[in-house]
Amino acid sequence: MGFEDQRFNVNLSILFTELPLLERPAAAAAAGFTAVELWWPWIDSPTPERSELDALRTAIEDAGVRLTGLNFYAGRLPGPDRGALSVPGAESDRFRANVDVAADFAGSLGCTALNALYGNRIDGVDPAEQDALALENLVLAAGAAHRIGAVLLIEALNRPESPRYPLVSAAAAVGVVDKVNEVSGLANARFLMDLYHLSMNGEDLPSVIERYASATGHVQIADDPGRGAPGTGSLPLEELLGRLREAGYDGWVGLEYKPGDRPSSESFAWLPRAAR
């Protein structure tokens, strides 16, 4: 198996960022891709004006690409934040205000995967209090995802780049997935397996794939080290994605890498155009 056996989408929050947001869907289409994903684009607002939502929806529709993944509001990302749902006070309130807005936007475009970043540990707050708040908010998000026929994704990040984020292993993220499914009764929470983050954490990736492929709702890739395109680091991404296919994963693979010192459109030479 090779890259040509996968279904790739482009994360427009890390690729094509040299362009204004509304121009990125068309740029992805011009590069040969049929699907895109996004972090929450309005980092300062969980509830942007309808005109802003409509403009982005129109840009995606006019480009002829499909939105296959969307993050809930996660604070300043890129930036110091790693989610809002476990952060007591105003950030948790913003997450809750965003839940139906994000779900309705995703649903209007047929998007069936919503990613909920857990959030950093906060000085002076009991981790158990944060975890209880997180579970409450994740169950709320699972309900909104269920309403539009979507899965709720829960992601492990890497400790070197996100030292205050508590979910820094596949096992930790899958443990939260299991709790959300148990409490919600909806069984729509799934693991987001980001091979770059797991590699940065030093995990045995073939073992992670073997253990957790059946719990995985989405996969993202970048090479390690450097978080660049496949082939810029040392991760055997083609082999790993082949293992995922053999383990039964047939969903989208999100390209969430940095293009480097070149236009994003020049960072896809590793992938034959026919496979995009």
Side-chain angles (χ1 to χ4, degrees), residues 5-15 21 24-25 28-29 33-42 46 48 53-54 56-74 77 83 85 95-96 98-118 137-156 173-174 176-181 183-195 212-221 241 244-245 247-256 276:
D5 297 306
Q6 313 299 326
R7 294 193 297 161
F8 293 101
N9 65 25
V10 178
N11 190 306
L12 297 182
S13 298
I14 193 169
L15 284 158
L21 174 64
R24 297 176 202 171
F33 292 94
T34 62
V36 299
E37 63 182 41
L38 283 161
W39 303 340
W40 184 248
W42 300 278
L53 293 161
D54 289 345
L56 180 56
R57 183 185 300 107
T58 298
I60 291 170
E61 291 174 337
D62 287 352
V65 294
R66 177 182 171 190
L67 182 67
T68 54
L70 178 68
N71 283 22
F72 287 108
Y73 170 79
L77 186 71
L85 61 90
F95 176 82
R96 293 185 187 204
N98 173 251
V99 164
D100 282 330
V101 175
D104 288 344
F105 180 78
S108 73
L109 287 163
C111 174
T112 56
L114 290 163
N115 184 24
L117 286 173
Y118 200 83
N137 282 336
L138 285 167
V139 169
L140 180 70
H146 178 73
R147 175 170 58 80
I148 64 164
V151 297
L152 173 70
L153 298 172
I154 296 169
E155 182 176 8
V174 173
V176 173
V177 167
D178 291 343
K179 287 180 183 177
V180 173
N181 285 334
V183 174
S184 73
L186 297 173
N188 68 333
R190 308 284 285 170
F191 176 42
L192 195 167
M193 184 186 291
D194 186 309
L195 295 177
Y212 299 122
S214 62
T216 297
H218 186 47
V219 172
Q220 291 175 333
I221 63 169
L241 293 179
L244 268 162
R245 290 283 289 185
Y249 180 77
D250 63 356
W252 292 95
V253 176
L255 304 182
E256 199 183 51
R276 298 179 191 175

**OP:** Check the pair V253 / Q220 against side chain to side chain contact (heavy atoms under 4.5 Å, CB included), numbers first and verdict last.
**Re:** CA-CA 5 Å; V253 176; Q220 291 175 333; over 6 Å; no
Original post:
E256 pairs by side chain to side chain contact (heavy atoms under 4.5 Å, CB included) with which of L195, I221, D194?
Top reply: D194
Original post:
Between CG of L109 and OG1 of T68, what distance do you get to the nearest 0.5 Å?
Top reply: 11.0 Å
Original post:
Does the side chain of F191 come within less than 4.5 Å of L153's, by heavy atoms?
Top reply: no
Subject >> Contact summary for A116 and L152, nearest pair of heavy atoms >> reply: CB-CD1, 3.8 Å
Subject >> Euclidean distance, S13 OG relative to E37 CD, rounded to 0.5 Å >> reply: 8.5 Å
Original post:
Can you find a heavy atom in the side chain of L85 that is under 4.5 Å from one in the side chain of L117?
Top reply: no
Original post:
Does R24 reach the main-chain N or O of L12 with its side chain, forming a donor-acceptor pair under 3.5 Å?
Top reply: yes
**OP:** Determine whether W40 and L77 make a side-chain contact, defined as any pair of heavy atoms from C-beta on separated by less than 4.5 Å.
**Re:** no
Original post:
Is there a side-chain contact between T216 and R190 (heavy atoms, below 4.5 Å)?
Top reply: no
Subject >> From C111 atom SG to R66 atom CZ, the distance as rounded to the nearest 0.5 Å >> reply: 8.0 Å
Original post:
Looking at side-chain heavy atoms only, is the closest gap between V219 and L244 below 4.5 Å?
Top reply: yes
Subject >> P46 and V101, any side-chain heavy atoms less than 4.5 Å apart >> reply: no
Original post:
Does any donor atom in the side chain of T34 or R276 lie under 3.5 Å from an acceptor atom in the other side chain?
Top reply: no
Subject >> Whether N11 side chain and L255 backbone form a donor-acceptor pair below 3.5 Å >> reply: no
Subject >> D54 vs R57 side-chain heavy atoms within contact, under 4.5 Å >> reply: yes
Original post:
With a 6.0 Å cut-off on ring centres, are F33 and F8 close enough?
Top reply: no
Original post:
Could you give the distance from CG (L114) to CZ (F105), rounded to the nearest 0.5 Å?
Top reply: 11.0 Å
Original post:
Are the side chain of N188 and the backbone N or O of V151 linked by a donor-acceptor pair below 3.5 Å?
Top reply: no
Original post:
Any chance the side chains of H218 and E155 put a donor and an acceptor closer than 3.5 Å?
Top reply: no
Original post:
Is I154 close to V180 at the side-chain level, that is, under 4.5 Å between some pair of heavy atoms?
Top reply: yes
Original post:
What's the spacing between L138 CG and N181 CG if we round to 0.5 Å?
Top reply: 10.5 Å
**OP:** Heavy atoms only: give me the nearest V99-A144 pair and the separation to one decimal.
**Re:** CG1-CB, 3.4 Å
Original post:
Rounded to the nearest 0.5 Å, what separation is found between the CG atom of L70 and the CG atom of N115?
Top reply: 9.0 Å
Subject >> Closest approach of A63 to A29 (non-hydrogen atoms, all atoms of both residues) >> reply: O-CB, 3.5 Å
Original post:
Would you call R147 and D104 a salt bridge, using N to O less than 4.0 angstrom?
Top reply: yes
